Amino acid sequence: MNTAGMLAEAFDRVGEAVHAAVEGLPPEDLNARVDAGANSISWLVWHLTRVQDDHIADAAGIEQIWLTEGWADRFALPFEGTATGYGHTAEEVAAVRVDSAELLLGYFDAVHERTLDYVAGLEGHALDRIVDEGWSPPVTLGVRLISVIAEDLQHAGQAAYVRGMLERA
């Protein structure tokens with residue numbers, strides 16, 4: 001398997017986990033928080049998608065789908081357009097509410113498609129390119145992509161856990 005194929009496989013696994021956590025849920029379950037400090041499925045999936053959109057757009061040198069394809073308007077959240085959820089307070093988490101699983105998955109699927117298109121063109125040494133000099137050592141594209149996959153899988157797993165808790169309640 002080549003680099004692009006391996007990355008596509010990893011991002012496809014994220015997609016499977018996200019869909020399994022979200023599909024078929026009504027808004028009250030998507031937006032439910034098991035306690036006042038917990039993240040909802042809506043916030044978890046919105047956040048993992050925002051981070052992926054942000055990081056892939058930055059790496060590719062293009063604009064985020066959130067801003068260019070009207071997703072920010074469709075979600076109508078009370079945040080700056082560039083907000084990804086990083087560092088959100090409990091109150092900000094509570095502000096992420098969606099009206100349907102289709103909206104949440106629509107944005108995720110659009111970002112997922114762009115991600116797959118981007119990684120399809122990557123070859124071995126492309127992953128060595130420095131994409132963030134704000135860290136020591138500087139972050140390479142390969143490390144950034146692995147970080148996105150790891151965070152996405154962690155949050156998708158959290159969303160699945162919340163779904164399970166809600167289904168048992």
Side-chain angles (χ1 to χ4, degrees), residues 1-22 33 37-72 75 77-96 104-163:
M1 178 180 292
N2 63 21
T3 300
M6 182 184 66
L7 290 167
E9 177 67 23
F11 280 109
D12 278 342
R13 289 178 187 218
V14 171
E16 291 168 6
V18 165
H19 275 264
V22 172
R33 297 171 71 202
N39 297 324
S40 66
I41 293 170
S42 294
W43 185 88
L44 288 161
V45 173
W46 170 81
H47 168 64
L48 74 84
T49 308
R50 287 294 299 121
V51 169
Q52 186 173 331
D53 191 6
D54 174 75
H55 287 11
I56 295 299
D58 182 60
I62 55 180
E63 295 294 320
Q64 297 174 32
I65 288 173
W66 180 252
L67 301 171
T68 62
E69 293 187 10
W71 292 103
F75 276 74
L77 300 176
F79 311 127
E80 297 281 330
T82 57
T84 63
Y86 181 77
H88 265 183
T89 65
E91 293 77 24
E92 290 167 321
V93 168
V96 177
L104 201 54
L105 291 173
Y107 176 47
F108 174 82
D109 289 343
V111 170
H112 181 71
E113 173 112 3
R114 175 181 272 182
T115 299
L116 293 181
D117 287 347
Y118 176 68
V119 301
L122 296 177
E123 296 180 6
H125 291 294
L127 299 178
D128 296 330
R129 178 172 60 92
I130 303 296
V131 295
D132 189 346
E133 294 192 17
W135 298 89
S136 181
V139 177
T140 64
L141 176 58
V143 168
R144 177 59 46 89
L145 293 174
I146 293 301
S147 294
V148 170
I149 292 164
E151 180 170 334
D152 283 1
L153 286 171
Q154 180 179 20
H155 288 318
Q158 292 166 342
Y161 180 78
V162 172
R163 181 181 181 138

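Just so we're clear, the structure is a prediction, and the values are computed from it rather than from any experiment.
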So do the side chains of Leu145 and Leu122 get within less than 4.5 Å of each other, counting heavy atoms only? yes

Side-chain heavy atoms of Thr3 within contact of Leu127, under 4.5 Å: yes

Verdict with reasoning, Val45 to Tyr107, per side chain to side chain contact (heavy atoms under 4.5 Å, CB included): CA-CA 10 Å; Val45 173; Tyr107 176 47; over 6 Å; no

Minimum heavy-atom distance between Leu141 and Ala59, given as atom pair plus value: CD1-CB, 3.6 Å

Using the side chain to side chain contact (heavy atoms under 4.5 Å, CB included) rule, take Val18 and Leu105 through it: C-alpha gap first, then chi angles, then the decisive distance, then the call. CA-CA 8 Å; Val18 165; Leu105 291 173; 3.8 Å; yes

What is the distance from atom CG of Leu67 to atom CG of Asp53, rounded to the nearest 0.5 Å? 7.5 Å

Tell me, do Val96 and Leu77 make a side-chain contact under 4.5 Å, heavy atoms counted? yes

For a 4.5 angstrom cut-off between non-hydrogen side-chain atoms, does Leu48 reach Phe108? yes

Identify which one of His112, Arg114, Glu113 satisfies the side chain to side chain contact (heavy atoms under 4.5 Å, CB included) criterion when paired with Leu116. His112

List the residues meeting ring-ring contact (aromatic ring centres under 6.0 Å, His included) with His47, not counting sequence neighbours, and say none if there are none. Trp43, His155

Would you mind reporting whether Met6 and Asn2 have side-chain heavy atoms less than 4.5 Å apart? no

Once rounded to the nearest 0.5 Å, what's the spacing between atom CD of Gln52 and atom CD1 of Ile149? 8.5 Å

Measure the shortest side-chain to side-chain distance between Val93 and Arg33 over non-hydrogen atoms and say whether it is less than 4.5 angstrom. yes

Can you tell if the side chain of Trp135 reaches within under 4.5 Å of the side chain of Asp132, non-hydrogen atoms only? yes

Between Arg50 and Ala83, is there a donor-acceptor pair closer than 3.5 Å when you use the side chain of the first and the backbone of the second? yes

Of all residues at least two apart in sequence or in a different chain, which pass the salt bridge (Lys or Arg N to Asp or Glu O under 4.0 Å) check with Asp117? none

Please report the interatomic distance OG1(Thr84) to CH2(Trp66), rounded to the nearest 0.5 Å. 11.0 Å

Run the ring-ring contact (aromatic ring centres under 6.0 Å, His included) test against Phe79 and tell me which residues pass, sequence neighbours left out. Trp46, His88

For side chain to side chain contact (heavy atoms under 4.5 Å, CB included), just list the numbers for Ile65 and Trp71, CA-CA rounded to whole Å, side-chain angles, deciding distance to a tenth of an Å, and then say yes or no. CA-CA 7 Å; Ile65 288 173; Trp71 292 103; 3.3 Å; yes

On a heavy-atom basis, the closest approach of Ala120 and Ala4 is O-CB, 3.7 Å

Which distance, rounded to the nearest 0.5 Å, do you find between the CD1 of Ile146 and the CD of Glu151? 13.5 Å

More than 12 heavy atoms of other residues, nucleotides or ligands under 6.0 Å from CZ of Arg13: is that the case? no

Between Pro78 and Ala95 the two heavy atoms that sit nearest each other are CG-CB, 3.8 Å

How long is the straight-line distance from CD of Gln158 back to CG of Leu44, given to the nearest 0.5 Å? 5.5 Å

Heavy-atom check, side chain of Thr140 versus side chain of Val131, under 4.5 Å: no

